[in-house]
Every structure is written in structure tokens, then in C-alpha cells.
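This structure is a prediction, so every number in the text was calculated from the model and none was measured. Basis for what follows: all heavy atoms, side chains included, without hydrogens, waters or symmetry-related copies.
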Amino acid sequence: EIDLLLGAPQTLRGTVIDKNTRKPISEARIYLAALPTSIEHPELGHTGGVALTDMNGAFQIENLSEGDIHIGVVHSDYLPALETISIGADSASEHAIALTRGGTVLGSVTREGFPVSNTRVQLMVEVDGEKRLHRGAETDVGGNYVIRALDSGFYELVIWGPAESDGPFKQNIEIALGKDTVVNASY
């Protein structure tokens with residue numbers, strides 16, 4: 001005969017805040033994962049327990065077992081975060097998770113002074129001596145684009161011309177955390 005002693009279900013409560021301003025972040029997504037996942041995509045491999053922070057940055061996930069859990073936090077304006085938290089009868093049930101506001105690259109694409117919609121905008125990063133796509137966007141009806149939540153560093157911005165004969169517009173840029181970098185392209 002085997003007796004299993006299971007602890008009472010635990011509740012994780014927390015707040016997601018901006019690392020610099022210490023202000024709460026609303027609409028951040030919280031994911032629970034069985035194992036630590038990619039920092040770029042903490043939502044991959046989640047095992048449930050998804051929560052969304054309220055206007056005060058607060059979240060709550062109930063019915064957790066005791067032990068270590070891996071939490072991924074994502075928000076469209078911030079760099080993703082991964083944390084391991086110990087859940088137990090004696091552990092604190094209130095946790096603060098600080099996110100760092102990422103950099104943003106934004107701008108517009110025009111041809112002969114008129115906005116160009118549906119144009120591919122790509123942010124390339126060098127990995128092992130090769131340029132690889134890091135993130136992308138498409139211009140809206142006003143010719144505007146935005147790519148958010150970028151880590152600081154050097155990138156190549158590539159904006160594909162409205163016509164195949166235009167060729168790509170390329171510019172090397174530096175992204176700083178919490179700052180906007182504006183790049184406009186005219187054809």
C-alpha cells in the first residue's frame with residue numbers, strides 16, 4: 001500500500017511592473033511552463049495557467065502544486081521575461097516581476113510623396129557572421145510601420161520597395177532600450 005501526501009493547492013499572486021518606473025503594467029500575459037523555455041518566446045511550451053494582468057498589473061493563478069514553476073511574461077512593449085518561482089506552503093505567494101521596456105523602430109514609407117501600404121519591413125541581426133531576420137512588420141494604409149519590444153543593439157533595417165524594380169532600402173541602426181528610433185523611406 002502506498003500513501004501519497006499531497007499539499008493543498010497553492011495560489012500564485014503577483015504584480016508585473018516596469019523595471020525603471022516601477023509602475024504597473026496592464027495586459028501582460030503570464031504563462032506557466034513545465035521547463036524553462038526560450039526568452040524570445042516564453043509562451044511556447046506552456047502548460048496552462050495563463051493569466052492576464054489587470055490595470056494594476058496584478059495577476060493570480062490558482063490550483064498550483066508545490067514545487068518550482070517556470071513563468072514566462074510577455075507584453076508588446078517590453079522584453080519578455082522568464083522566472084523560476086518556488087511554490088510551497090511556506091513560500092511567499094506574492095511575487096513582483098519587473099519587465100524592461102524594449103526599444104522601438106518606427107517610420108513611414110512613401111513613393112513620390114504618397115504613403116505606401118503593405119510594404120515589408122524587416123529587422124535583420126547578425127548571428128555567427130550571417131544576417132538573419134529578427135522581426136518584421138508591414139506598413140499600414142498610411143504607410144506607417146512599428147516594431148516594438150526590441151533589445152538594445154545594432155540591426156539592419158530593410159524596407160522592400162513598393163515595386164520590384166525599386167530594390168530594398170537598407171539602413172544600419174542602433175536600438176536603445178526604452179527609446180524610439182525613427183526611419184522613414186522614400187522611393
Side-chain angles (χ1 to χ4, degrees), residues 16-21 23 25-47 50 52-53 57 70-84 97-187:
V16 178
I17 60 172
D18 183 294
K19 185 176 182 178
N20 294 320
T21 67
K23 291 183 180 178
I25 300 171
S26 63
E27 298 185 18
R29 291 197 178 279
I30 315 297
Y31 297 93
L32 297 184
L35 299 170
T37 60
S38 161
I39 188 69
E40 282 297 315
H41 301 284
E43 71 279 10
L44 297 179
H46 76 84
T47 59
V50 177
L52 188 66
T53 58
H70 307 286
I71 300 222
V73 183
V74 294
H75 187 281
S76 61
D77 292 333
Y78 291 83
L79 300 179
L82 286 174
E83 292 199 12
T84 301
I97 301 170
L99 297 183
T100 300
R101 182 175 286 280
T104 301
V105 61
L106 63 129
S108 64
V109 179
T110 58
R111 181 183 183 100
E112 298 174 2
F114 294 97
V116 179
S117 61
N118 302 318
T119 297
R120 270 187 311 157
V121 180
Q122 297 176 323
L123 203 55
M124 309 298 283
V125 63
E126 192 166 314
V127 177
D128 298 327
E130 290 184 28
K131 296 244 170 131
R132 295 189 182 165
L133 176 63
H134 181 64
R135 298 255 179 87
E138 202 170 86
T139 57
D140 63 17
V141 70
N144 302 305
Y145 70 91
V146 178
I147 304 173
R148 292 184 168 88
L150 299 169
D151 208 349
S152 59
F154 294 93
Y155 299 87
E156 180 182 50
L157 183 69
V158 179
I159 300 173
W160 295 92
E164 286 185 33
S165 60
D166 290 329
F169 167 91
K170 295 182 178 184
Q171 183 171 330
N172 291 323
I173 60 173
E174 182 177 6
I175 299 293
L177 295 177
K179 305 288 183 191
D180 292 343
T181 301
V182 179
V183 180
N184 297 315
S186 297
Y187 289 91

**Prompt:** Partners of Leu79 by side-chain contact (heavy atoms from CB on, under 4.5 Å), sequence neighbours excluded?
**Reply:** Thr100, Asp151, Leu177
**Item:** Matching residue for Leu106 among Val121, Val183, Asp180, Thr181 - test: side chain to side chain contact (heavy atoms under 4.5 Å, CB included)
**Value:** Asp180
**Request:** Could you pull out the closest heavy-atom pair between His75 and Ala149, with the gap in Å?
**Result:** O-CB, 4.4 Å
**Request:** Might you point out which heavy atoms bring Gly143 and Pro115 nearest each other, and give the distance in Å?
**Result:** N-CB, 3.8 Å
**Prompt:** Does Glu138 CD have over 12 foreign heavy atoms under 6.0 Å away?
**Reply:** yes
**Prompt:** CG of Asn118 to CG of Asp140: how many Å apart, nearest 0.5 Å?
**Reply:** 9.0 Å
**Item:** Closest non-hydrogen atom pair, Arg135 against Leu150
**Value:** NH1-CD2, 3.4 Å
**Prompt:** Passes side chain to side chain contact (heavy atoms under 4.5 Å, CB included), Asn184 versus Val109? Steps please.
**Reply:** CA-CA 6 Å; Asn184 297 315; Val109 179; over 6 Å; no
**Request:** Starting at CD1 of Ile71, measure out to OG1 of Thr84 and round the result to the nearest 0.5 Å.
**Result:** 9.0 Å
**Request:** With sequence neighbours left out, write down each residue that passes salt bridge (Lys or Arg N to Asp or Glu O under 4.0 Å) with Lys131, or none if nothing qualifies.
**Result:** Glu156
**Request:** Find the distance between CG (Asn144) and OG1 (Thr139) and round it off to the nearest 0.5 Å.
**Result:** 8.0 Å
**Request:** For residues Tyr31 and Val74, determine if any side-chain heavy atom of one lies less than 4.5 Å from a side-chain heavy atom of the other.
**Result:** yes
**Message:** Do Ile173 and Leu123 make a side-chain contact, defined as non-hydrogen atoms from C-beta onward lying under 4.5 Å apart?
**Reply:** yes
**Request:** Only counting residues at least two apart or in another chain, list the ones meeting salt bridge (Lys or Arg N to Asp or Glu O under 4.0 Å) with Arg148.
**Result:** Asp77
**Message:** Tell me the closest heavy-atom pair linking Ala28 and Val16, and the distance in Å.
**Reply:** CB-CG1, 4.2 Å
**Request:** Please identify each residue that fulfils side-chain contact (heavy atoms from CB on, under 4.5 Å) with Val127, with sequence neighbours left out.
**Result:** Val125, Arg132
**Set of residues satisfying side-chain contact (heavy atoms from CB on, under 4.5 Å) with respect to Asn20, sequence neighbours excluded** = Asp18
**Side chains of Arg29 and Val73 in contact at under 4.5 Å (non-hydrogen atoms)** = no
**Asked** Just how far is it from atom CD1 of Ile147 to atom CG of Leu157, taken to the nearest 0.5 Å?
**Response** 6.5 Å
**Asked** Does anything in residues 147-187 pair up under ring-ring contact (aromatic ring centres under 6.0 Å, His included), and if so which pairs, sequence neighbours excluded?
**Response** His134-Tyr155
**Asked** Taking all atoms of both residues into account, what is the closest heavy-atom pair of Ser152 and Ala176, and its distance?
**Response** CB-CA, 4.3 Å
**Item:** CG-NZ distance between Leu99 and Lys19, expressed to the nearest 0.5 angstrom
**Value:** 10.0 Å
